[in-house]
Amino acid sequence: MERYDPDAIERKWQETWAREGAFLVPNPERADPADPAPRTYVLEMLPYPSGDLHMGHVLNYTLGDVVTHVRRRRGFTVLRPMGYDAFGLPAENAAIREGGHPRLITERNIASIRAQAKRMGWAIDWGREISTHEPEYYRWTQWLFLELYEAGLAYRREAPVKWCPNDQTVLANEQVVEGRCERCGAEVEAKSLEQWFFRITAYADRLLDEMVQLESWPERVLTMQRNWIGRSHGCEVVFEVEGLETGIPVFTTRPDTLFGATFFVLAPEHPLIPELVRGTSQEAAVLDYVRRTAAESAVERADPAKEKTGVFTGRHVANPVNGERLPVWVADYVVLEYGTGAIMAVPAHDERDFAFATRFGLEIRQVVEPADGSAVELPYVEKTGSARSVGSGRFSGLATPDAIREIGAWLEDDGRGKAAVGYRLRDWLLSRQRYWGCPIPIVHCAACGPVPVPRDELPVLLPEVDDYKPRGRSPLAAAESWVATACPRCGAPARRETDTMDTFVDSSWYFLRYADPRNDRAPVAREIADYWLPVRQYIGGIEHAILHLLYARFFTKVLCDLGLLGFSEPFLRLFNQGMIYYLGAKMSKSKGNVVAPDSIVERFGADALRLYILFMGPAEDDKEWQDTGIEGTYRFLGRLWRLALEVAAVGPPAAEPPDGPLVRRAHATIAKVTDDLERRFQFNTPIAAVMELVNDVYLAKDDPAQVRAVRFATETAISLIQPYAPHVAEELWERLGNERLWEQPWPEPDPGLLGRDSFELVVQVNGKVRERLEVEAGLSDPELVELARTLPRIRAHLEGKEPSRVIVVPGKLVNLVVS
RNA sequence: GCCGAAGUGGCGGAACUGGUAGACGCGCUGGACUCAAAAUCCAGUGGGGCUGGGCCCCGUGCGGGUUCGACUCCCGCCUUCGGCACCA
């Protein structure tokens with residue numbers, strides 16, 4: 001018999017699909033978002049073209065592919081595009097290390113990854129391919145930047161920023177993990193620099209509140225985003241500075257503890273400090289402390305285990321609730337960027353204030369106690385109704401939630417405070433001092449300030465430079481003839497912005513461009529975006545839980561507000577696939593534990609790899625690659641291959657419809673596979689179900705009475721495995737005398753053949769299985785019980801006693817209970 | 001410290017709504033085919049015990065509980081992984 005040769009089969013069908021444009025999805029003549037034609041948008045996260053496909057990609061795209069095939073065969077038009085997140089540091093670093101232009105390195109990598117993706121046989125509309133580094137794409141990234149700029153959502157300011165000394169660029173907050181650069185792991189440094197920001201904080205509430213529009217996102221991703229945004233409700237209270245005509249506001253969520261405030265702390269970067277200490281005896285000590293803090297690394301400073309440091313300013317403020325004098329300190333445990341950069345310190349009810357007070361011998365005054373009056377160890381941070389105020393004037397005795405509300409209202413009435421909301425989220429720092437990114441389309445003019453490049457002059461092309469090495473400023477700055485330009489507003493000599501954009505800007509809108517990838521008048525035509533989007537099913541790794549997903553949601557909301565889109569959430573359903581480990585660790589080149597998809601495809605074919613990557617376990621779980629596992633799925637395809645060829649050799653089926661247990665098994669398999677894929681979003685168990693069906697067919701295939709049933713079951717197995725292994729499925733389908741499986745309707749189970757003729761009845765005594773027997777379907781409950789009771793072994797276990805209770809689960813079991 | 005997820009055979013995992021724990025695959029064992037091997041096909045495979053061939057006991061991280069019945073629900077722990085962490 002002819003051997004299963006995946007390489008030849010897979011190439012044959014890949015060429016067929018390409019020739020026929022089988023997976024191209026043109027836009028309708030006139031896109032009407034109200035058009036009821038069933039359509040859907042399946043999208044995997046944009047890959048960074050590192051050169052080779054890795055197993056994470058294989059899992060990601062094969063998942064999307066199964067969804068795509070099933071949806072297509074259920075009558076949907078499926079938008080399923082592909083592209084590349086092509087700007088970014090790895091290509092630039094390679095250029096520095098090995099020479100060559102980042103663009104050439106990137107484009108070589110894209111060519112390689114594209115070829116590997118095509119060899120996997122994914123049903124992608126290659127006609128919509130985009131790459132973020134192409135001028136035709138980044139022109140619109142710049143255009144969108146200008147939209148945000150003109151809407152007041154992109155701005156430039158001097159601010160404390162996180163600087164990566166290794167990559168020589170600033171980083172967004174989201175790109176700093178435990179004080180280290182998320183990309184390279186270097187400890188970040190604190191600097192104060194003039195940088196570009198997106199005002200994502202203006203959307204903090206909507207990023208939280210519009211989560212209700214999401215159909216299905218993993219709860220942990222929503223939780224991570226909620227924590228990252230970190231909204232907390234409280235109030236702002238002003239403390240007057242003694243001897244100066246000024247007040248300092250603080251943000252607090254615990255106004256009920258105001259009576260327990262015993263000191264006051266400013267962040268070292270607080271702008272009022274120089275004025276506070278000018279000419280005082282503490283001036284030198286305070287300024288020295290501020291300098292020392294500035295020299296500290298972010299990691300050192302952020303370590304909560306570190307002993308607290310600080311210095312007294314010599315100044316006092318007045319507590320607005322009782323006029324008490326509170327000493328003002330400067331300490332680095334207060335950060336400038338949160339709240340107002342100043343706090344009232346209540347050591348009895350805050351761990352950090354408590355540690356500080358203990359260290360410096362400051363007063364600790366309890367103003368909250370358990371509602372039952374029992375004694376507690378300080379700090380006591382309880383803030384539910386099980387706590388109450390004490391020693392707080394007329395508020396004493398109030399339950400804490402009431403005290404928070406009452407004291408807040410009282411301050412607001414007196415004009416000494418107001419309700420306020422604090423967010424952990426900071427504005428998105430988007431400028432980077434690196435070459436290989438999208439230029440920021442701004443010109444700096446001495447007279448006019450920052451001026452947008454006119455829309456019709458976009459794109460601002462990346463200039464050619466010889467040296468990509470970062471030196472604390474963008475390599476673009478060295479392209480003098482590019483930098484020098486005329487002010488678009490007044491015509492005077494001016495200089496171009498030399499920073500480039502964070503690559504997360506590029507990927508914050510790419511899913512829109514796919515809908516209308518060749519549009520040269522707009523990033524996307526609104527009616528076309530509204531026709532296809534939002535994305536119905538988004539698939540990608542958990543590493544983007546905050547970064548990309550938060551930024552993309554922000555962009556979509558902004559563009560919706562600007563009238564460019566008719567929806568404000570980009571991804572209705574999100575699925576996070578797990579990571580693939582090998583030899584106990586995440587696959588990585590540096591650890592040398594990479595299994596290259598390439599070499600697997602060469603040995604076993606794309607179909608076996610596609611099947612194995614999903615058979616390994618639940619798609620959302622992390623799991624371990626096993627070399628013998630891929631052999632198992634390869635063997636299964638060989639088994640299916642031999643079966644189908646045998647069936648084909650027997651000849652075409654007789655006309656009359658088949659029946660019998662095997663046919664019923666096939667219908668049950670259809671129902672199981674369909675339910676797993678469509679309702680449960682579970683991809684490993686359908687494969688097991690088809691394997692079971694094939695095992696059953698093997699046991700029946702030599703029985704002349706079952707020729708028709710064998711053929712039906714074999715065709716069913718092929719049809720059901722097609723989304724996973726489309727090439728071999730197509731080949732076998734053809735050899736069985738059929739055609740174009742990829743366009744065949746997804747099989748439907750026949751309800752009349754779903755029920756079984758008989759089932760295995762489990763008989764329990766006191767909940768323990770004592771007997772199983774095959775019984776015909778359709779017996780009544782009393783009949784089943786009677787049957788069970790007469791079994792010899794059951795009678796032995798009953799020991800002549802009468803059951804005190806009888807439980808019957810129809811179609812499954814009988815449980816006889818004796819006391 | 002706070003928040004979240006997960007612990008099932010030698011291994012990856014299945015068991016969907018509280019109803020046969022271990023489907024399917026890997027590995028291993030035996031058999032068929034073969035001069036032989038590979039490939040393939042068939043059968044067996046959680047642990048322990050008794051044994052006239054079948055039966056009994058134990059078993060889903062640990063300890064309790066609810067229930068006729070618990071991998072599944074409740075309470076309390078342990079371990080692993082992930083996120084956040086001076087955010088006032």
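We name chains A, B, ... by the order of the sequence lines, and we start the count at 1 in each one. Only a predicted model underlies this, so the values are computations on that prediction, with no experimental measurement involved.
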For L637(A) and A608(A), the nearest pair of non-hydrogen atoms, with its separation, is CD1-N, 3.6 Å

Check: How are the rings of W329(A) and F360(A) set to each other: parallel, tilted or perpendicular (split at 30° and 60°)?
Finding: tilted

Worksheet entry | SB check D256(A) R254(A) (cutoff 4.0 Å) | yes

Side-chain atoms of E692(A) come closest, of C3(B), C24(B), U20(B), to C24(B)

Output one line per pair: protein atom, nucleotide atom from nucleotides 8-15 of chain B, and distance, for all N/O pairs under 3.5 Å.
unit_1, atom_1, unit_2, atom_2, d
C11(B), O2', Q626(A), NE2, 2.7
G12(B), O2', M616(A), O, 2.6
A14(B), OP1, N684(A), ND2, 3.0
A15(B), OP1, R680(A), NH1, 3.4
A15(B), OP1, R680(A), NH2, 3.0
A15(B), OP1, Q682(A), NE2, 3.2

Q | Pair of N/O donor and acceptor under 3.5 Å linking C68(B) base with N815(A) side chain | A | yes

Contacts of Q175(A) meeting side chain to side chain donor-acceptor pair (under 3.5 Å) (sequence neighbours excluded), chain-then-number -> R432(A), D502(A)

Taking Watson-Crick and G-U wobble contacts under 3.5 angstrom, with | marking pairs to another strand and [ ] crossing pairs, the secondary structure of RNA chain B is written (((((((..(((......[....)))((((((.......))))))(((((...)))))..(((((..]....))))))))))))....

Nearest heavy-atom contact between V188(A) and C181(A) is CG1-N, 3.6 Å

**Message:** Check this for me: does the side-chain of E760(A) come within 3.5 Å of the base of U20(B) through a donor and an acceptor?
**Reply:** yes

Exercise. Between R226(A) and E219(A), is the closest basic N to carboxylate O distance under 4.0 Å?
Worked result: yes

- Task: In whole angstrom, give me the gap between the P atoms of G12(B) and G52(B).
- Result: 39 Å

What side-chain donor-acceptor pairs closer than 3.5 Å can you find for residues 682-694 of chain A, not counting sequence neighbours?
unit_1, atom_1, unit_2, atom_2, d
Q682(A), OE1, R680(A), NH2, 3.3
Q682(A), NE2, T685(A), OG1, 2.9
T685(A), OG1, D676(A), OD2, 2.8

Would you say a side-chain N or O of R220(A) is under 4.0 Å from OP1 or OP2 of A5(B)? no

Taken in chain and number order and not counting sequence neighbours, the residues that satisfy side-chain contact (heavy atoms from CB on, under 4.5 Å) with E771(A) are V763(A), L791(A), R793(A), I794(A)

With sugar-phosphate taken as primed atoms, P, OP1 and OP2 and all else as base, the protein-contact string of nucleotides 39-48 of chain B at under 4.0 Å (heavy atoms; B, S, -) is -SSSS-----

